[in-house]
Structures are given as C-alpha cells and as structure tokens.
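Everything below concerns the one structure shown next.
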Amino acid sequence: MKIFAKYFSVIFGVYIALCFLLKKEEANVDGFNQFGFPFVFYRQFYGKCTEYKYSDFIMLNLLLDLSIVVIFSVIIFSVMKKKNR
C-alpha cells in the first residue's frame, strides 16, 4: 500500500502542476480565470460587463479530474507490480 501511495502522490503532484501551468488568467483584460485540467472546475469573471459577472465552481468536473488521477495511479501501480514479478 505504501508503493501505491507513492505513485498516487507523484501523479497527484503532476496533476496539480498541470493545473497551475495550464490555468488561464485573463480576468485583468475582461476575461476569465480558469483552473482545472482537463476539465475546468473553477471559473471566475472580472470583466467590466455588468450582466455577466459570476464565479463558478463545478464539483462534477473536479470529481472527474480526481477520478482520472486515481485511474492513472491504479494503472501505473498494476503495471509496475506485474513488471516487478
């Protein structure tokens, strides 16, 4: 189980790094701030337009992102376990 935790933590760290590297910060030029990879789970708008100001957190997209991380961890763990036999 310690080995799985190691693989999971590495893949989760890569996921966090990808989220921050691929985020979009365009709010200062009438755009969106978006976070999430591959599914955007947080979006915020700071534009000068008065009818379209919102912040949105999409729990389903966050759960989809985290399930992808878990699936990749299980796949890599099972491949490495078979390789070491």
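A quick note: this is a predicted structure, and the numbers were derived from the prediction, not measured. Throughout, numbering of the chain's residues begins at 1 and tracks the sequence.
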Distance-only donor-acceptor pairs under 3.5 Å for side chains of residues 67-80, two or more places apart:
residue: S67; atom: OG; partner: L63; partner atom: O; Å: 3.3
residue: S67; atom: OG; partner: L64; partner atom: O; Å: 2.7
residue: S73; atom: OG; partner: V69; partner atom: O; Å: 2.9
residue: S78; atom: OG; partner: V74; partner atom: O; Å: 3.2
residue: S78; atom: OG; partner: I75; partner atom: O; Å: 2.9

- Would you check if F35 and C19 make a side-chain contact, meaning some heavy-atom pair closer than 4.5 Å? no
- Say whether F39 and L60 are linked into one hydrophobic cluster, either directly or through other cluster members, by side-chain heavy-atom distances under 4.5 angstrom. yes
- About how many Å separate CG of N33 and NZ of K24, when rounded to the nearest 0.5 Å? 11.5 Å
- Query: Can you list every pair that meets side chain to side chain donor-acceptor pair (under 3.5 Å) and has a residue in residues 13-22, with sequence neighbours left out?
  - Reply: Y15-D65
- Message: Hydrophobic clusters here meaning ILVMFWY residues chained together by side-chain heavy-atom distances under 4.5 Å, can you tell me if I16 and I11 are in one?
- Response: yes
- Query: Between the side chain of N61 and the main-chain N/O of V40, is any donor-acceptor distance below 3.5 Å?
  - Reply: yes
- Please name all residues satisfying side chain to side chain donor-acceptor pair (under 3.5 Å) with K6, sequence neighbours left out, ordered by chain then number. none
- Message: Is there a side-chain contact between L62 and F57 in this structure, where contact means two heavy atoms from C-beta onward sitting under 4.5 Å apart?
- Response: yes
- Message: Please say yes or no: joined through hydrophobic side-chain contacts below 4.5 Å, possibly via intermediate residues, are F12 and F4 part of one cluster?
- Response: yes
- Linked hydrophobic residues, V10 as query - side chain contacts closer than 4.5 Å: none
- Task: Treating Ile, Leu, Val, Met, Phe, Trp and Tyr as nodes and any side-chain heavy-atom pair under 4.5 angstrom as an edge, say whether Y7 and V14 lie in one connected cluster.
- Result: no
- Flag yes if more than 12 heavy atoms outside I3 fall under 6.0 Å of its CD1 atom; otherwise flag no. no
